[in-house]
Amino acid sequence: MKGKLEPSERERLVEEGKNLKESLVTLEEDLMKLQDELQHVARSIPNMTHPDVPVGGEDSSAIRNEVGSPREFSFPIKDHLQLGKDLDLMDFDSAAEVSGSKFFYLKNEAVLLEMALLNWTLSEVMKKGFTPLTTPEIVRSSIVEKCGFQPRGDNTQVYSIDGTDQCLIGTAEIPVGGIHMDSILLESALPLKYIAFSHCFRTEAGAAGAAAKGLYRVHQFSKAEMFVLCRPEDSESFHNELIQIEEDLFTSLGLHFKTLDMATADLGAPAYRKFDIEAWMPGLGRFGEISSASNCTDYQSRRLGIRFRPSEPLQTGSKKGKANLPSTKFVHTLNATACAVPRMMVCLLENYQQEDGSVVVPETLRPFMGGIEVIKPKLR
Amino acid sequence: MVLHTLRLATVPLTFTTSRLFLKPSPTLSFFSRHVQPRKPSFLLRAFSNSSAVQDTPLTQTSSDSSAARPPQWKAAIDFKWIRDNKEAVEINIENRNSNADLEAVLELYENMVTLQKEVEGIREERNNVAKKMKGKLEPSERERLVEEGKNLKESLVTLEENLVKLQDELQHVARSIPNMTHPDVPVGGEDSSAIRKEVGSPREFSFPIKDHLQLGKDLDLIDFDSAAEVSGSKFFYLKNEAVLLEMALLNWTLSEVMKKGFTPLTTPEIVRSSIVEKCGFQPRGDNTQVYSIDGTDQCLIGTAEIPVGGIHMDSILLESSLPLKYIAFSHCFRTEAGAAGAATKGLYRVHQFSKAEMFVLCRPEDSESFHNELIQIEEDLFTSLGLHFKTLDMATADLGAPAYRKFDVEAWMPGLGRFGEISSASNCTDYQSRRLGIRFRPSEPLQTGPKKGKANLPPTKFVHTLNATACAVPRMMVCLLENYQQEDGSVVIPEPLRPFMGGIEAIKPKLR
C-alpha cells in the first residue's frame with residue numbers, strides 16, 4: 001500500500017488488510033491459549049534420567065557406598081526423644097500447645113550443638129570454595145514452582161502466607177535458585193558454589209505414623225544446603241564432588257551410613273540423578289535419611305531462566321547469535337544437604353549415648369561448643 | 001578469603017555446672033479445680049479452651065468488633081481493681097494515647113456483676129425447689145413445684161446465655177486496656193523520653209563515609225536486588241563475611257548471656273494466633289505486623305518473646321523455680337505494614353531477621369530489679385562492641401500496651417546520620433501472665449492473715465514477665481559496618497567477635 005495505486009485497488013487492499021488483521025487477532029489469542037495449555041501439561045514432564053540409575057521403586061535403589069558399622073551397645077539404649085527428655089534438651093510438649101504437633105524447642109546443650117553443627121559445617125564447606133549465604137525464607141510462589149515444587153497441590157509441603165502470593169521455603173535450594181533467575185552469566189563466572197543457611201518449613205501433609213517421631217519429621221528446622229550452578233559438561237563431576245563432601249562430613253562425625261543411588265520412582269521431578277545418605281539411628285532401630293544430593297541438569301534452569309554465554313566461539317560451524325556472540329545455553333544446577341540439624345541430632349544423640357545417660361560430643365564439634373566433651377545429666 | 005577454623009572459643013566451661021541448667025521444677029498444669037475462691041466463673045472456660053487444637057479457618061474480623069466472634073480465651077483481668085482505681089486507669093489510658101474505652105468496661109462489668117447475682121439467685125431458688133421436692137408432698141403441691149422448677153430452669157438458661165455474652169463482650173473491650181505505668185516514666189510522646197545513660201561518642205571520620213548499603217555492595221556482603229525479585233522488598237541475602245559476622249554475633253551473645261545464668265533456647269517460629277494475642281500483639285488488625293499462614297489459625301512470630309511466653313502458659317510454677325531466665329534464638333518475621341520512608345533503608349527495616357531475645361519470669365517484687373539487670377546486660381554487650389549509644393526511658397505514648405516500663409537503646413549509625421533503635425527492654429509486670437495464665441505458688445505461708453486457699457496452700461499469684469533484645473542482627477550489622485569502616489573501604493571487626501569468626505580482623509574489599 002506504499003506505492004501509487006488506483007483508488008479501487010487501494011480500497012481492496014484496505015479491506016484485505018482489515019480482514020487479515022481480524023484473523024490475526026483471533027489466531028493470536030488462540031495461540032496464546034494453546035501455549036498456556038501446553039505449558040501447563042508439559043511442566044509435569046519429569047527430567048530425563050541418568051542411564052546408570054536403577055529402574056524401579058524404593059527397593060531398587062543401589063548402594064553406592066557404605067561407611068562404618070552399627071555400634072554395639074552393652075546396655076539398653078534410649079531413642080533421641082527419651083535422651084532429649086532425660087537431658088533436658090528438647091521440649092515437644094510446650095510446643096504442641098504453643099504451635100501444634102511436630103514443633104519443638106531446643107534447650108541447653110542442644111542449642112550449642114545446633115550452633116556447633118552449623119558453624120563446623122560452614123567452616124568445612126567453605127574450605128572447598130563454597131560462598132556462604134543466608135537467604136529469605138519467604139519467597140514468591142512462582143519461584144517455588146520454577147524449582148519444581150508444587151505450592152498449591154492438595155498434599156502440598158508448602159506453607160502459604162495469607163493474603164499474598166508468598167510462601168515459606170522448604171529448603172534454601174529455592175531462594176538460592178532464584179538469585180540468578182532470568183540472567184545470562186559469563187562462562188568465566190561458573191561454577192558458582194554456595195553454602196546457604198536457612199530455616200526450612202514443611203507442612204508434612206500426608207506423612208504419618210512411625211516415621212514421624214520426634215525430631216525425625218518436623219515442621220521447622222535449620223539446614224545448611226550446598227547449591228552449584230555449572231556448565232552442562234561439569235554437572236556429573238560436581239555431583240560426585242557434592243556427595244564426596246557429604247560423605248566426608250558424616251564420616252568425620254563418626255556416623256555409620258549408606259549412600260544410595262535412588263531408583264527412578266524415587267527421584268523428584270527435577271532430579272536427573274539423586275544420591276541419598278541414610279544414617280544408622282540405633283534408637284529408632286533403622287536407617288534414616290540425613291541428606292540428599294541431586295543433579296537437576298537444566299530442569300530448574302529452564303524454568304528459572306538461568307543461562308550462560310560460552311567464552312570462546314564454538315569450534316564447529318554451529319549458528320552464532322547476533323553480533324558474533326556464541327548463543328547462550330542453560331546452566332546445570334545441583335543441590336545437596338550439608339547439614340539438616342534435627343536428623344543430625346537424632347544420629348548424634350542416639351549413637352553417642354553412654355550407659356550413665358550422658359552423650360559424648362564428637363571431637364570435631366567440640367571446638368565449636370566451647371570445648372564441651374560430654375552432655376551430662378543435670379542435678380535436679 | 002581464607003578461613004580455617006571457626007571457633008566458639010570463649011564459651012566458659014563453668015556452664016557445665018548444674019546451676020545454669022537446672023530444669024525448672026515440674027510445673028503443675030492448671031485445670032479448673034484450682035480456681036481461687038470467688039473468682040469469676042468465666043476463668044474455667046479459659047483453660048478448657050486453650051489446649052484445644054484450633055483448626056478454624058481464618059476470619060478477618062478486627063479485634064474491636066465485639067459482635068464478630070467470641071474470644072477463644074479469657075484474660076484474667078482484675079476488674080475490681082480497675083473499678084476501684086478508675087481515675088488512675090483513665091489517666092493512664094490518656095497518657096498512653098490508648099483507645100481503650102474505660103466507661104464501657106466499667107458499665108459492662110457492673111451489668112455482669114448484677115446479672116451474675118441474678119443467676120446465682122435463681123440457681124439457689126432452684127436448689128430450694130429441688131430440696132423441697134425430696135420430702136413428702138401433696139400431689140398438687142408437687143405439681144406446683146415442678147412447674148416452678150421448669151420456669152426457673154428456663155429463666156436460668158436465658159440468663160446464663162446473656163451472662164456468657166456479657167462476659168465475652170467485657171473481655172473484648174477490657175483487653176485493650178493497657179498496663180499501668182511506672183511512676184518515674186515521663187508522660188508524653190517521643191520527645192519526652194528521658195535519657196538514662198549515654199556511652200561513648202560519635203567517631204570522627206577523616207574521609208567521606210559510606211552507609212551500610214554501599215559498604216554491603218562494595219564488599220559483596222548483602223544482596224537486596226535478587227531478594228526483591230525472589231521475595232519482594234525488604235528481604236535480603238547475606239554473603240561471605242556477613243554470614244560469618246551474623247554467626248559470630250549470635251555465638252558471642254549466647255556465650256556472654258549464658259554466663260549470666262540464662263538458659264539457651266531455640267523456638268518454633270510458627271505459633272497459634274491466640275498466643276500472639278496473649279502476649280499483647282494484634283494478629284488481625286489492619287496494620288498488623290503479623291504474617292498469618294493461609295488456611296490455619298497459625299502466624300509467624302515477630303519475636304521470640306511470643307513462643308517463650310507460651311512455654312509456661314496455663315501453669316502454676318513453684319516459687320522456688322523462679323526466676324526463669326531464657327536467652328532465645330529465632331528468626332523473626334514482620335510485615336512492617338505502615339512503615340515507610342527513609343527509616344526503612346537497607347537493613348534498618350526488614351521483613352525477616354535473626355534475633356537473640358532475653359525473657360524472664362519472676363516474682364512481682366523482683367521485676368524492677370530484673371529490668372535493671374536486663375538493661376545492664378544490654379549496655380555491657382553494646383559497650384563491649386565499642387558502640388556509641390543512648391539508653392532511653394520511653395515516654396507513656398511510646399510504650400506498647402503490655403509494658404509497665406520500657407528502656408530502648410539507640411545506637412549511633414554514622415552512615416544514616418542518626419541514632420537508631422538496636423534494642424528494647426520491657427517490664428510487662430503481670431499483663432502477659434494474666435493472659436497466658438502463668439502463676440506461681442508462694443513457698444511459705446503469708447505472714448499477715450489473708451485467707452488461704454484449700455488444703456492450707458497459699459493462693460497463687462501471677463508472675464511478672466520481662467523481655468529484652470540481646471542482639472537484633474541486621475541493626476547490629478548497620479552499626480558495625482558503618483562505625484568500623486576504614487578509608488580503604490575495609491571494615492574492622494571488633495575484638496570480642498574475632499574469636500567467633502575464625503580470627504578474621506577485617507573485612508577487606510575482594511579482588512575482582
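Scope of the values below: all heavy atoms of this structure, side chains included, with no hydrogens, waters or symmetry mates.
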Does one side chain, of A/R152 or A/S160, offer a donor that lies under 3.5 Å from an acceptor on the other?
-> yes
Of the listed residues (A/A95, A/P175, A/S198), which shares the most heavy-atom pairs with chain B below a 4.5 Å separation?
-> A/P175
Taking the six-membered ring for Trp and the full ring for Phe, Tyr or His, determine whether the centres of A/Y194 and A/F227 are under 6.0 Å apart.
-> no
Considering only heavy atoms, which portion of B/E229 lies under 4.5 Å from any heavy atom of chain A: side chain, backbone, both, or neither?
-> both
Pair A/Q300-A/E173, side-chain donor/acceptor within less than 3.5 Å = yes
Might you point out which heavy atoms bring A/M126 and A/P132 nearest each other, and give the distance in Å?
-> SD-CG, 3.5 Å
Under 4.5 Å from any heavy atom of chain A - which part of B/L300 | side chain
Chain B: which of A/K146, A/K376, A/E114, A/R140 shares the most heavy-atom pairs with it under 4.5 Å?
-> A/R140
Which atoms of B/I275 approach chain A - backbone, side chain, both or neither, heavy atom under 4.5 Å | side chain
Applying a strict 4.5 Å limit to non-hydrogen atoms, the region of A/I179 in contact with chain B is both
Answer with side chain, backbone, both or neither: which region of B/A228 has an atom nearer than 4.5 Å to a non-hydrogen atom of chain A?
-> backbone
Should the ring pair A/H199 and B/H331 be called parallel, tilted or perpendicular, given that the plane angle runs from 0 to 90° and is split at 30 and 60?
-> parallel
So which of A/I138, A/V111, A/T131, A/T135 has the biggest tally of heavy-atom pairs under 4.5 Å with chain B?
-> A/I138
Counting only heavy atoms closer than 4.5 Å, note whether A/E137 contacts chain B via side chain, backbone, both or neither.
-> both
Look at the side chain of B/R435 and the backbone N and O of B/E277, then say whether any donor-acceptor pair between them is shorter than 3.5 Å.
-> no
Main-chain N/O of A/K107 paired to A/D91 side chain as donor or acceptor, under 3.5 Å | no
Tell me whether the guanidinium CZ or amine NZ of A/R202 lies under 6.0 angstrom from the six-membered ring centre of A/Y159 and within 45° of its axis.
-> no
Hey, which of A/L106, A/T164, A/D182 has the most heavy atom pairs under 4.5 Å with chain B?
-> A/L106
Counting only heavy atoms closer than 4.5 Å, note whether A/A196 contacts chain B via side chain, backbone, both or neither.
-> neither
